[in-house]
Amino acid sequence: MTNATDFPLGRRVMAMIEDLAQHTDEPGRLTRLYLSDAHRRAADATLRLMQEAGLNAHIDALGSVIGRVEGANPGAPALLIGSHIDSVVDAGRYDGNLGVVLGIVVVEALKRQGIAPACPIEIVAFGDEENVRFPTNLSTSQALAGRFNPAWLDGRDQDGISFRDALIRFGGDPGGAAALARDRARYRGYLEVHIEQGPLLEAKDLPIGIVSAINGITRARASVIGEAGHAGTVPMNMRRDALAAVAEMIGIVERAGSTRTDTVATVGVVQVQPGAINVIPARVDFTLDARSPDDAVRLAMLQDIVTECQAAAQRRNVSFTIEPFMESPATPMDKGLIGRLEEAVRCLGIEPLHLSSGAGHDAVAMANLCPSAMLFVRCKDGISHNPAESITTEDADVAARVLIDAVKRIAA
Ligand code: HGY
Ligand code: MN
Ligand code: MN
């Protein structure tokens, strides 16, 4: 039985997670979309936590919270540590937030140990990793990598509010995105600690694992247009039922994603018009999220889905259109940083397990700027994107100790 004095770093992590979890746009559940009021409150809270830890912190033009400590050699290339504080709808509290909080805990611990890191450390809390609100792709981390796409500013959320207007309301600066690009010579690497969001570490009874690569993702919007009609009078063989067609297409997506064990394909949003009990659906808009560790496999799977959906639409005399709006390549993590993480994990007497990430992360964007690597933390039943998401204080403590050791090795 462990007593309350154990896992001081883990308890500090959990306290900060609790602090951030209060900031939600929906009372009773955690929803914190990019540039929402809750995101603003969480960004302000993160700024405060960074400043209390002794970091020189600010909120940048796109809403990311950036804290920096100069260390023993201010001119040396810095080490970035971070993740995101935006969430999906009805989210868990650890997805993203854990990696930001752990970065702050590491800086606090080094300060407590009287250790000035051998290089500057920047902690980053990105704001648009989930890309749930606007049709973007890791916009706030891509901005640091010099790959912000100005067209994203014209994207609109489901209420018709543009990224640009939401950013101005948040207190950001649409014109300042380009200037956020970092000079790659000034950064030695990016580390992100994240919950695994899968069952492998728990199955292997391991508290942490090292990410080998992050799967590639394609996200698309599709529309099927049929014909509205009276649900009571139009014979079944004379209908052009858009929703019945999409039901068949969802089956096509599920089968395509299931052909291999390492691919996935998901229809996450379905919007039916006019949406009345006695009207044959005239139009359905739905989303597709397709992923694989191999880009050629992902693109072939997408092609199969499109071909089969087109054939189904033809049979049913409805129209089918699909428009990819986000493409993220499969991204291997940096071998050198993986080596440092392995040394740090072994120092705790744990044999490092390497695993790929089915989830996307800001590390995909940061890999365009500097060598990037990720550490996964075990989460209960592999659950995520769900309020039941949880980790233990002990595992949080292990993650903090591994990160402190890895930072010392990388900074040296
Ligand atoms: O969808 C993802 O993979 C990540 O959680 N944004
Ligand atoms: Mn995440
Ligand atoms: Mn997520």
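Both counts, for ligands and for their atoms, begin at 1 and track the order of listing. Hydrogens, waters and symmetry mates are skipped; everything else that's a heavy atom, side chains included, is used.
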For A359, counting its heavy atoms only, list the atoms of ligand 1 lying under 4.0 Å from any of them.
3 (O)

So, N149 and Q142: side-chain donor and acceptor under 3.5 Å apart, yes or no?
no

Do any heavy atoms of H361 fall under 4.0 Å from ligand 1?
no

Basic-acidic side-chain contact under 4.0 Å: D405, R409:
yes

Subset of ligand 1 atoms that lie under 4.0 Å from at least one heavy atom of H385
5 (O)

I'd like to know if E108 pairs up with K111 as an ion pair, taking the criterion as any Lys NZ or Arg NE/NH1/NH2 lying under 4.0 Å from an Asp or Glu carboxylate oxygen.
no

Near R219 (heavy-atom distance under 4.0 Å), the atoms of ligand 1 are 1 (O), 2 (C)

Pair R298 + E327: basic N to acidic O under 4.0 Å
yes

With side chains defined as the heavy atoms from C-beta onward, is the minimum distance between L9 and V13 less than 4.5 Å?
no

Which atoms of ligand 1 have any heavy atom of E129 under 4.0 Å away?
4 (C), 6 (N)

For residues D285 and S223, is any side-chain donor paired with an opposing acceptor at under 3.5 Å?
yes

What I want to know is whether E130 and ligand 1 share at least one N or O pair that is separated by under 3.5 angstrom.
yes

At a cut-off of 2.8 Å, list the protein N/O/S atoms near the Mn ion (ligand 2), residue plus atom name.
H84 NE2, D95 OD1, H194 NE2

From the N, O or S atoms in H385, identify the one nearest to the Mn ion (ligand 3).
NE2

Report the C-alpha separation of N131 and T136 in whole Å, then their side-chain angles, then the decisive distance to 0.1 Å, and conclude whether the side chain to side chain donor-acceptor pair (under 3.5 Å) test is met.
CA-CA 6 Å; N131 309 133; T136 53; 3.1 Å; yes

Ring geometry between Y34 and F134 (parallel below 30°, tilted from 30 to 60°, perpendicular above 60°):
perpendicular

Would you indicate whether R29, at its atom CZ, is surrounded by more than 12 heavy atoms from other residues, nucleotides or ligands within a distance under 6.0 Å?
yes

Report the member of H194, Q197, R291, H84 with the shortest heavy-atom distance to atom 2 (C) of ligand 1.
R291

Consider only side-chain N and O atoms of D128 and H84, and report whether a donor and an acceptor are under 3.5 Å apart.
no

